[in-house]
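Proteins come first, then strands; the chains are lettered A, B, ... in the order of their sequence lines, and each starts at number 1.
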Amino acid sequence: MDTLLLSRIQFGANISFHILFPTITIALGWVLLFFKLRFQFTGQRKWMDLYLFWVKVFALSFALGVVSGITMSFQFGTNWPGFMQTVGNIAGPLLAYEVLTAFFLEAVFLGIMLFGASRVPVWVHTLATFLVAFGTTMSAFWIIVLNSWMHTPAGYELRDGIVHATDWMAIIFNPSMPYRLAHMLLASALTVAFLVAGISAYRRLRGDTDPSVATGLRFGLITAALLMPVQIIAGDMHGLNTLEHQPQKVAAMEANWETQGNVPLVLFALPDETLRENRFEIAIPSMASIILKHDPAGVVPGLNDFVAADGTAEHPPVAPVFWSFRVMVGTGMAMLLAAWAGVALVWRKGADALPRPYLMALTAMTFAGWIATLAGWYTTEIGRQPWLVQGVLTTKAAVGDVASGMVLSSLLAYLAVYVLLLAAYIGAIFHLARKGAGFQPAVAPALQPAE
Amino acid sequence: MFAPDTLPLIFAALMGLSILLYVVLDGFDLGVGLLFPFATPDERDRMIASIGPFWDANETWLVLAIGLLLVAFPEAHGEILTALYLPVAVMLIGLILRGVAFEFRAKAPVAHKKPWDVAFWAGSLMTALSQGFMLGLYIMGLRWGWAEIGFALLTAGALAVAYSFIGAAWTILKTDGALQLKAVHWARGGIWGVVLGMGAVSLATPLVSARIFDKWFRFPEIVALAPLPLMSGLLVALLWLSLRRLPTRDDSFAWFPFAGAVVLMVLGFFGMAYSFYPYIVPDKLTIWQAASSTESLSIILVGTLFVLPVILGYTVLAYVIFRGKATRLSYD
C-alpha cells in the first residue's frame, strides 16, 4: 500500500480512537457539575454517590483523551506536513488558542477536582469542577472551528499558494461551524445519557438496589428523550447547510447520481462507482427531495455533476459515505425509540421496576452514542474527500514524504495499542459498575489506593 | 503591531520556555515511573500519589511546545517531525501507555494492577529514551547515519538517567520515612549517572558538530560561557554533599536535591539553546526563515501574553494546594 493510503488509515484510526473519549468528557463534565450541585442543594446521598461513581469514569476517559490527543498534535507534522505549510496561518492560531484557553484549564483544574476535595473549600472545588467542564467545551469549540473551516473555508486569501487570514470573525464563525458545533455537543450529551442509563441498567440487572442506580436510569433516559428530537432537528439543519456548501457530499450520502427533481430516498443500495449507478436499490419515491428541499419536485444535485473533463471523480467515494450516514441515522432512531420507551416505562412503572428485557437492551446500548458519533464523523470527513480543505488543498497534496514501511509499522503499533486500550477501558467501566459506588464497604486502602 | 523581526525571536523564546518547563515538570513524573521497578507495591502507590494531581498538566507543556513549533514555524515542524518519525511514534505510544496505566492501575480489577505497573514503567522508559534519542539526532542535524544513531543512543541514556535523578529528588521532597531514605539512595547512585551522562554529551557535542565547536570555543564568547560548566560543577558537588547528609531529622533540606536538579536542567537547557541559536532546523533553517506570517504570529502573541500568566498562576496554585508530603489519593 502507498504512503498516502496508509497515512489516511493511520490518521483515521488515531482520530477515531481519540474522539471516543472527548465525546464522553465534554458532556460528562457538566453532568458531574449537575450531580454535585444537586447534592449541595438537596443533601441527598445518592447525588454524591452518582458524582463519586462517574468522576472515576471521567478521570479514566480524560486520561485516554489526553494521551490520544497528544498523538493527534504530532500527526500533523509527521504525516501531513503539507497541511500546516499551506493553511498553517489559520490552523495554527486556532490550535494555539485551544491549547492556551482549554488544555491547561482542564488539566490543572482536573487535579484539584479529582484530588482536592479535602484540601480546598467546597466552593473552590465546585469552581474547579465548573472550569474542567468549561475547559472541555472550549476545547471542543476551537477544534470544531478548525474542522468546520476545513469544510467551509472563509475569511482568507491565497498568496503564492499559501493561505493568509483576512478576517478572523469570518474564519471562526464560518458557515458550517454553528451547525457542526451544535450537532457535536448534542452527540456528546446523548452519548453520556446512554452511557449513564446503560451502566445503571447493568447495575440493576446485577441486583444493585442502591438509590443512585434508579436515579441514574431516570437521569439518563429523561436527558436522552429530551435531547434526541433536538438532535434530529440540528442534524437536519446541518444537512441543509451541507447541501448549500458541499452538495457533492449530500449527493454521496443519498447515492444520487443525476441532478434531478423527485429524488428518491434510498434505503438500501450497493453504490457502484464504475457503472455509476446503484445496485439492489430499495427507495421511497421523492422522499430525499422532500427532506432536502421540503418539496417533492425539488431538484437535488447529483454526483455526475462532479466529474472532471478527463473522467476523474471530484466527489467523495460514494459507498462509505452512503453507508456511514445510514449507520448514524439508524443508530439515532434506535436511541430515540429506546429513550422514549424508557421514559414511558419509568412513567408507568417507576425507575425501580423496569422490565428485565428492557434493561438488557439498554445495557447493550451503553455505547450506542459512540457508534452514531463515529458514523457521523465518517460521513462528514470522508464526504469532504478528495479535499483536505474544501477547494483549497487536496489530501494527496498534504501527505508527507515518509517511507510507507515506516507508516505501516507505526500504524500496526497504534492499532495494537488501541485495541488493547479500548478493551481495557470498557472492561474497567463494567468492573467499576460491578463494584458499585453506593453503600458497599469501602475497599481496603492497601488494595485500591491512588484513584 | 509587533516588529516583524522580533516576533520569531519571541516565539522561539516562548517555545524554549515550554520545552524547559516540560523537561523539568514531566521530567520528574517520568522519573518516578522509571524508578518503579526499585519500589515495593505500597511505595509505588505513594509515588503515584505524589504526582497524581500534576502529571496531566505537566504533559500539556509538551503539547504547547509542539503547538508553538507548529504554529510559529510550520516549515520546521514538518521537517523535524518527518525526520524524527520513528522516535516520535515510540514516544507517543510510551506517553499513551503511561498516561492510561496511571488510571487503570487503580480502576481495573486488582489482579491487573501489576501488568499496569509494568506498562507505566515501560511507557515512561519509552518516552524518556525516545526524547533523548530525538535530542541527540537533533544535535547531529537530523541525519540518520551510524555515528548519529550512536550519539543519539548516548543522549537517550543520559536523558533517562537525568529524569530518574529528578524523579528521585521529587520523591525525597514529597515523601518521608523508609521511602524517602530509599529515594536518597537512588539519587546518590543517580547523580553519578547524571555527571557521566551530561559530561559525555557535553564532550561529544562539540566533537561531532563543527559549528557548535566553533560557538563554544570562540573568544571572547568562551569567557561568557565559562560560568555554565563551572556552576554545573559546583552544583553537582553541593548535591553530592547534601545527598550524603539526607534525610535530616527535621526534614530540612529535603527540597534541595529537587531544586538543584531543576537548576542543573536549566543550565543544560541554556547550553543547548546557545548552541542551536539561531537555527531551528540545525544548519538548515533559521527561526526567521521558518517563521509563519506576521499577522498570524501577532494574533497568537496577543492571546499568549494574556493567557500565559494566568496559566502560570493557576499552575502555581495547584502546586500550593498539593504542597507538603504526598498522602493517599482519593476522590472524596
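For A/Val407, the parts lying near chain B are the backbone and the side chain together; criterion is any non-hydrogen pair under 4.5 Å. For a residue to count as touching a neighbouring chain, one of its non-hydrogen atoms must lie under 4.5 Å from one of that chain's; by this rule A/Phe83 does not touch chain B. Proximity to chain B is absent for every atom of A/Phe17, based on heavy atoms less than 4.5 angstrom apart. In this structure, no portion of A/His125 lies under 4.5 Å from any heavy atom of chain B. Neither the backbone nor the side chain of A/Trp80 comes within contact range of chain B, judged by heavy atoms closer than 4.5 Å. No part of A/Ile429 comes within reach of chain B, as not one of its non-hydrogen atoms sits under 4.5 angstrom from that chain. For A/Tyr97, the part lying near chain B is the side chain, with the backbone staying farther off; criterion is any non-hydrogen pair under 4.5 Å. Neither the backbone nor the side chain of B/Phe306 has a heavy atom closer than 4.5 Å to any heavy atom of chain A. Contact annotation for A/Val108: both backbone and side-chain heavy atoms come within less than 4.5 Å of a heavy atom of chain B. Only the side chain of A/Leu95 has a heavy atom closer than 4.5 Å to any heavy atom of chain B. Proximity to chain B is limited to the side chain of A/Phe109, based on heavy atoms less than 4.5 angstrom apart.
Listed options A/Leu420, A/Val55, A/Leu110 were ranked by heavy-atom pairs under 4.5 angstrom with chain B; first place goes to A/Val55. Put simply, of B/Leu317, B/Val88, B/Leu308, the one with the most heavy-atom pairs under 4.5 Å next to chain A is B/Val88. Comparing A/Met406, A/Glu98, A/Gln85 by how many heavy-atom pairs each has under 4.5 Å with chain B, the most go to A/Met406. Top candidate by heavy-atom pairs under 4.5 Å with chain B, chosen from A/Ala128, A/Pro93, A/Ala165, A/Gly116, is A/Pro93. Most heavy-atom pairs under 4.5 Å with chain A: of the set B/Ile96, B/Val307, B/Leu97, this distinction falls to B/Ile96. Ranked by heavy-atom pairs shorter than 4.5 Å toward chain B, the options A/Val417, A/Ile162, A/Val402 are led by A/Val402. No other option in A/Leu421, A/Val120, A/Thr101, A/Val124 has as many heavy-atom pairs under 4.5 Å with chain B as A/Leu421. The choice from A/Gly400, A/Ala403, A/Ser410 that makes the most heavy-atom pairs within less than 4.5 Å of chain B is A/Ser410.
Residues B/Lys107 and A/Lys56 approach most closely at CE-O, 3.4 Å, considering heavy atoms. Across A/Phe74 and B/Leu81, no two heavy atoms sit closer than the pair O-CD1, 3.8 Å.
B/Tyr138 OH: more than 12 foreign heavy atoms inside a 6.0 Å radius. For B/Trp116, the CH2 atom is densely surrounded, since the number of other residues' heavy atoms within 6.0 Å is greater than 12.
Within the 4.5 Å cutoff, side-chain heavy atoms of B/Val100 are placed close to those of A/Val67. In this structure, the side chains of B/Val310 and A/Phe104 stay at 4.5 Å or more apart for every pair of heavy atoms.
Within residues 57-65 of chain B, the residues approaching chain A closer than 4.5 Å by heavy atoms are, in numerical order, B/Ala57, B/Glu59, B/Thr60, B/Trp61, B/Leu62, B/Val63, B/Leu64. Contacts between residues 68-79 of chain B and chain A, defined by a heavy-atom separation under 4.5 Å, are made by B/Leu70, B/Val71, B/Pro74, B/Glu75, B/His77, B/Gly78.
Between A/Phe103 atom CZ and B/Ile311 atom CD1 the span is 11.5 Å, to the nearest 0.5 Å. Rounding to the nearest 0.5 Å places CG of B/Asp56 at 8.0 Å from CD of A/Glu106. For the atom pair CG of A/Leu64 and CZ of B/Phe104, the computed distance is 5.0 Å after rounding to the nearest 0.5 Å. To the nearest 0.5 Å, atom CD1 of residue B/Ile299 and atom CD1 of residue A/Ile171 are 8.0 Å apart.
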